[in-house]
Every structure is written in C-alpha cells, then in structure tokens.
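Let me begin by presenting the structure, written as structure tokens, before commenting on it.
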Amino acid sequence: MAGGGGGGGEEGDYGFQIAPMVDIMFVLILFFMTAAMMKVSENELGIKAAGTPTASQEAQPAEIQLRIDADGTVSFNDRVIGSPIDDSLAALRSRLKEAIDLFGEKQPVVIIPQSTVKHERVIEVLNACAAANVKNLTFGGGS
Amino acid sequence: MAKRLQRASETVFAPEDPEFQIAPMVDVLLVILLFFVSITSAETIKARPQSLRVLELPVAKDSKKKETSAGEVVINAGWEDGSGMLEVAEVSTSKFADPDRMRQFLRDAVKADPSLRALIRADRKVEYGFINQIMLVCTQEGISNITFAVVDKERQG
C-alpha cells in the first residue's frame, strides 16, 4: 500500500510516520465498509387490530379476505393466489395494487391465517400488503 | 528579443511536477472512516430477550424503517419445543407461556400512555395461534396499534 519512508534522522529524531497511518486507515475503512454492508437492520410492519372503532360511517368497499392455509397456501377471496413455495406473492401484490388503485386507502383487507401457520408466512403476506400500500389492514380470527 | 520572451514565458508557465498531496488525502480518509464508524455503530439497541433463545425475525423487504421507540412495549415471542414462549422485560425476567401474565402490565402501561403501541418481536417459527393470543390480550387491554418486528434482509453466516 502506501510507500515507506521516514525513519529516524541523524540525531535519532523520529518524525511522524504518515505512511503506516494511512495503511491502518485503509484497513479500518475496509473493515467498517464491510460491516456496514452486512448490517441487518430491524424494521417494522404495522396493523390496526380488529375491533378498533372507526370514526367515519361512510360506506366502505367490500373487504378483501386473504386466507392462509396451514400449508402456506394463500387465497384471495377464496381463490388461490399463492402456493406454499411462492415467497414473493407477486400475483397477490398486483391484485392488491389494482384494488388500492381502484378504491384507494379505504379498501379494507383482512388476513385470516389458520392457527398453525408459521409467523414467517403471515409476514410474507403482510409484506405483500405493505408493498401494495394497503393501509386499512387487520387480522381476522384464526380457525 | 522574441526568443528571450518565449524562454521567459516557458519558465513562468512551465507545468510543475504534480506532487502527491498526502494531507488532504488523510483528511478525506478520516471523514470516510468517521462516516462508516458512525453508520455501523448507530444501530438501535433493542430489548433483546434474556431467557429466550436468539430470535430469528422474519424477512420483509417492503417494511418501513422504524421511526421511534418511544411509547411502545416490546413483546418477545419465541417457539420452543412446539409451544410459544413470551418475554416482556418489564413483566418478568424469565420466559412464560401464558399471554395473560402480561395483562396487568399492559393495563397499567396503557393507563400511563393511552397511545401506547405494541411491538411484537416474534420468531419466524412461531405459530399464528400464539401470535393471535398476544394480539387479543393487547386489544383487550386497549392497544390497537400493533407492529411486527422484521429484518430487511437475511442474516449472513
């Protein structure tokens, strides 16, 4: 890396060694850059719990029910839209996006997972809802 | 005369040997170093579970960055030997399986701060039935704003 140089003078006067300092700084920068790239940050996905009273009494569009079966199959109003191995749930995202574009943020979406569904799968569905900008989101009773 | 003028101008405007400036480089390096040190160490310190095994949070790439930790109660939920385990640092330092045990604490906390929200840090293997029980207790005690902790990418190694 940085070249050597410096060293003691004739009278034994050792000057400030800039080259090794630059070397060390490069190593430190590399270390922190790698650490910054590998950092996993904790985020959040929010919902409004069921039973929360709503202020407005306006007519709302019909709710979308997203059922999650025990094996991870996702249904959109009783029509299968995501297989258990479908992690990205692209079809669900686009259907939700269409609904949100049509009815806006008022569109209610209810997630109804079976009680044995893994939290990971529920979060994948919640994530699809977040991607489609669903705001009126809640959970229905598990079966 | 012209020759002499030309020689003089060459002397004045001759390009100098570009010297490698080490001082500005060190300055820049220090700034970069400070930047990376700060972003690496600025990670929020979470209420890590004490008695639960390390929680493996689910991945959600479209999740929002957390804005504030103020006014929230953190509920850690793990899955051990086929059943759910809870830990709320303020309630007990040990794990417990019954979400009803945090009811009194939540009631008092909501009294103190009616806009309290619950952050559920649940392991990816926890079954929804258990999460549902936690949410039910939260709702019954007046917490309707519930958020789930997730990570933005899979942890390496």
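For A/Asp101, the side chain to side chain contact (heavy atoms under 4.5 Å, CB included) partners at least two apart in sequence or on another chain are A/Lys97.
There is no contact between B/Leu136 and chain A, counting heavy-atom distances below 4.5 Å. Contacts between A/Leu126 and chain B at a heavy-atom distance below 4.5 Å involve the side chain alone, from C-beta outward. Only the side chain of B/Ile131 comes within contact range of chain A, judged by heavy atoms closer than 4.5 Å.
For the set A/Glu120, A/Arg121, A/His119, A/Met33, the entry with the most heavy-atom pairs within less than 4.5 Å of chain B is A/His119. Among the candidates B/Val26, B/Val126, B/Thr147, B/Asp62, the residue making the largest number of heavy-atom pairs closer than 4.5 Å to chain A is B/Asp62. Top candidate by heavy-atom pairs under 4.5 Å with chain B, chosen from A/Met25, A/Met21, A/Glu44, is A/Glu44. When the candidates B/Met25, B/Glu56, B/Lys125 are compared by the number of heavy-atom contacts under 4.5 Å with chain A, B/Lys125 comes out ahead. With respect to chain A, the highest number of heavy-atom pairs below 4.5 Å among B/Cys138, B/Ala149, B/Ala118, B/Ser63 belongs to B/Ser63. For the options A/Ala130, A/Ala131, A/Ala35, heavy-atom pairs under 4.5 Å to chain B are most numerous at A/Ala131.
Each salt bridge (charged side-chain N to carboxylate O under 4.0 Å, His left out) pair with one or both residues in residues 127-139 of chain B, not counting sequence neighbours, appears once here: A/Lys118-B/Glu127.
In the model, B/Asp113 has a side-chain atom that pairs as donor or acceptor with a side-chain atom of B/Ser115 under 3.5 Å.
Proximity of B/Met135 to B/Tyr128: side-chain heavy atoms (C-beta onward) are separated by under 4.5 Å at one or more points. B/Gln140 has its side chain within reach of B/Arg103: a pair of non-hydrogen atoms, C-beta onward, lies under 4.5 Å apart. No side-chain heavy atom of A/Gln107 sits under 4.5 Å from any side-chain heavy atom of A/Leu102.
Taking hydrophobic clusters as Ile, Leu, Val, Met, Phe, Trp and Tyr residues chained together by side-chain heavy-atom distances below 4.5 Å, A/Val80 does not share a cluster with A/Leu66.
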